[in-house]
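Not measured: the values here are computed from a predicted model. When a ligand or atom number is given, it counts from 1 through the structure's own listing order.
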Amino acid sequence: MTAATPTEVARNGLSRRGFLAGTGSLLGAVALAGPAAAAARAAAPALAPLADGASVPALVIGSGYGGSVAALRLAEAGVDVTMVEMGMAWDTPGSDGKIFANTTKPDYRSFWLRTRTKQPISNFLGYPLDKDVPCHTGILDAEEFGGIIVYQGRGVGGGSLVNGGMAVTPKRENFGAILPTVDAAEMYATYYPRANAGLGTATIDPDWFETTDAYQYARVGRKHAQRSGFPFVFVPDVYDWDYMEKEAAGSVPKSALAGEILYGNNYGKKSLQKTYLARAAATGRVTVTPLHKVTSVTPASGGGYTVRIDQLDTEGKVAATKEIRAARVFFAAGSVGTSKLLTRLKANGALPALNAEIGKGWGDNGNVMCGRANHMWDPTGALQSSIPTGGIDNWAGGGAFAEVAPLPTGIETYASFYLSITKNPNRAQFTYNPTTGGVDLNWQTAWKQPSITMAKSIFDRINSTEGTIYRTDLFGAYKIWGDHLTYHPLGGAVLGKATDNYGRLHGYSGLYVIDGALIPGNTSVNPFVTITALAERNIEKIVATDL
Ligand code: FAE
């Protein structure tokens, strides 16, 4: 949780006593210091670990967007909800007094069980940036499959802990291709507005955008887009914009303007702990147990499901194994987490009646990154807010929507940086590997070529208009494209295929998927608003008809 400072505690207005259950805090692992630590201690929850042998009405696996929506709405309907989360609680400051590490100084908090960082931008001026770190249950997982690295958030709040907070509702004309079996009219009238309200989505004050140094990089991005005839669109975010203006004025501690992103945000971002999870906690019906990883779900004799859970220590070792019984289980472990679990459970006979669609329809939301080298007379600014606020829309013309992203290094780089979301048609499949006991994903690096071609529809033209070139120093030596990764995994248990049209898994009653695994590979924009809206739609139906 991010209730780290007195300011935060006040802003949250939330007592988390009894909400966080278990062993998630770093207490004992670090020396606590300063006011942030005192605040964290004051807000510390009553520790009540999930008991081995417990019997619960509803278990939610994972505490990201899908899981948080499910927990809140089930609790509001009077159901007691048990959430388990494999990552940490993120409620305790480190020795620097901060809960989260800065982007420019990754440490033990930054990566999930790695001894060396795996930064998305791996190089600068050709020099490698990665460094050794102590192995720890850190916040950002760079999960490596054969042909792609999938970045994911780990901890209470899931991806909301690490992401840029760009809260984008897709254009309605694109929705039919995103979720073909879902009624678009209902989504745009009810569930997208509900999701945006629940997430606290808001747009930057346009006057402030035009004048602040922190968005010079975005204004340069806009100018270059428009001079090449591309529309630049403002994109909402879940950052507290008033707080950011105070950061700029120097009256509050900085997070966006201190370049915080990827490894957590200490102050201004409204991640799920401040929105859906705070409301879930306030019902008094939801507990979340961090550092607990679900490993098996299988029908129990007499009804419901037996769920096996590993309790982890902060080095990732299994400290205990627990077995509980749950009447209903909601898979909300994210596209990769849910797909891996279901693929393994189908293959090893724990859930043999799952259908043949399990593991299929996985996509990377067409993610590809690149940088452009600007002229010396066109600087992008030494101060760059880590929170993106605009994009270049060439979806209809060239199949790409490019987020004008920050490069918050603290120095003038003369670089423009972009994360493009493209209409890449390739889809991969998860399969169980009996030799390793793991789950593989058959994505190939070469499958990014359509994304590169689509992104070039924007940047080749901008480079030609501006007389500029691509940066070749950010992803290796002489490498233009960041084509080795995604931030936006989607699919693997697709709505209407592996599940019915509301996320009920075929083959078993009382088992549901409620996260990004439902979405078949692409949302045309950044995905979490769509994941949230779909979860709102599905849980409303489930509460009305299944409980
Ligand atoms: P997610 O939020 O990943 O939550 C799943 C949770 O389940 C995680 O907390 C896991 O630790 C936990 N888990 C997994 N397996 C288990 C298990 N076996 N037992 C217990 N717990 C488990 O899933 N999206 C946007 O829309 N806008 C952005 O600006 C944006 N920026 C991003 C930047 C970065 C660096 C990254 C990595 C992602 C970004 N995303 C962004 C993507 C977004 O965060 C992602 O689509 C959502 O978080 C996915 O939501 P889910 O509920 O599917």
In ligand 1, the atoms that come under 4.0 Å of a heavy atom of Ile61 are 17 (C), 19 (N), 20 (C)
Exercise for the section: Determine, using heavy atoms of His292 and all atoms of ligand 1, whether some pair is separated by less than 4.0 Å. Expected result: yes
**Asked** In terms of ring plane angle, is the pair Phe234 and Phe232 parallel, tilted or perpendicular, where the classes change at 30° and 60°?
**Response** perpendicular
Verify atom 5 (C) of ligand 1: protein non-hydrogen atom under 4.0 angstrom away:
yes
Heavy-atom proximity to atom 50 (O) of ligand 1, picking from Tyr151, Trp112, Tyr65, points to Tyr65
If we number the atoms of ligand 1 from 1 as shown, the ones under 4.0 Å from a heavy atom of Gly155 are 9 (O)
In ligand 1, the atoms that come under 4.0 Å of a heavy atom of Gly158 are 2 (O), 4 (O), 8 (C), 9 (O)
Margin query: Measuring centre to centre across the rings, with the benzene-like ring taken for any Trp, is Tyr263 within less than 6.0 Å of Phe100?
Written below: no
Hey, does Met88 have a side-chain heavy atom less than 4.5 Å from the side chain of His136? yes
Look at Asp393 together with Lys171 and state whether they make a salt bridge at an N to O cut-off of under 4.0 Å.
yes
In this structure, atom 26 (O) of ligand 1 is nearest to the protein heavy atom Phe528 N, 2.7 Å
For Asp515, the ligand 1 atoms with a heavy-atom partner under 4.0 Å come out as 52 (O), 53 (O)
Exercise. Do Arg116 and Asp130 meet the salt-bridge criterion of a basic N to acidic O distance under 4.0 Å?
Worked result: no
(message) Closer than 4.0 angstrom, basic N to acidic O: yes or no for Glu536 and Arg73?
(response) yes
Heavy-atom proximity to atom 1 (P) of ligand 1, picking from Gly165, Gly157, Gly159, points to Gly159
| Tyr65 side chain to Ser160 side chain, donor-acceptor N/O pair below 3.5 angstrom | no
### Task
Verify whether one side chain among Ser255 and Asn265 offers a donor that lies under 3.5 Å from an acceptor in the other.
yes
| Charged N to carboxylate O below 4.0 Å: is that the case for Glu540 and Arg194? | yes
Counting from 1 in the order shown, the ligand 1 atoms closer than 4.0 Å to a non-hydrogen atom of Ala332 are 5 (C), 6 (C), 7 (O)
Exactly one candidate in Thr422, Asp364, Asn365 meets side-chain hydrogen bond (donor to acceptor under 3.5 Å, both in side chains) with Ser451; the answer is Thr422
Restricting to heavy atoms, the pick from Met86, Gln152, His488 nearest atom 21 (N) of ligand 1 would be Met86
Among non-hydrogen protein atoms, atom 23 (O) of ligand 1 lies closest to Gly334 CA, 3.4 Å
Here the atoms of ligand 1 under 4.0 Å from any heavy atom belonging to Gly516 are 53 (O)
A student checking ligand 1 against Leu262 at a 4.0 Å heavy-atom cut-off should list atoms 35 (C)
In this structure, atom 12 (C) of ligand 1 is nearest to the protein heavy atom Glu85 OE1, 3.4 Å
For ligand 1, is Pro388 a contact, meaning one of its heavy atoms is under 4.0 Å away? no
In this structure, atom 18 (N) of ligand 1 is nearest to the protein heavy atom Val294 O, 3.1 Å
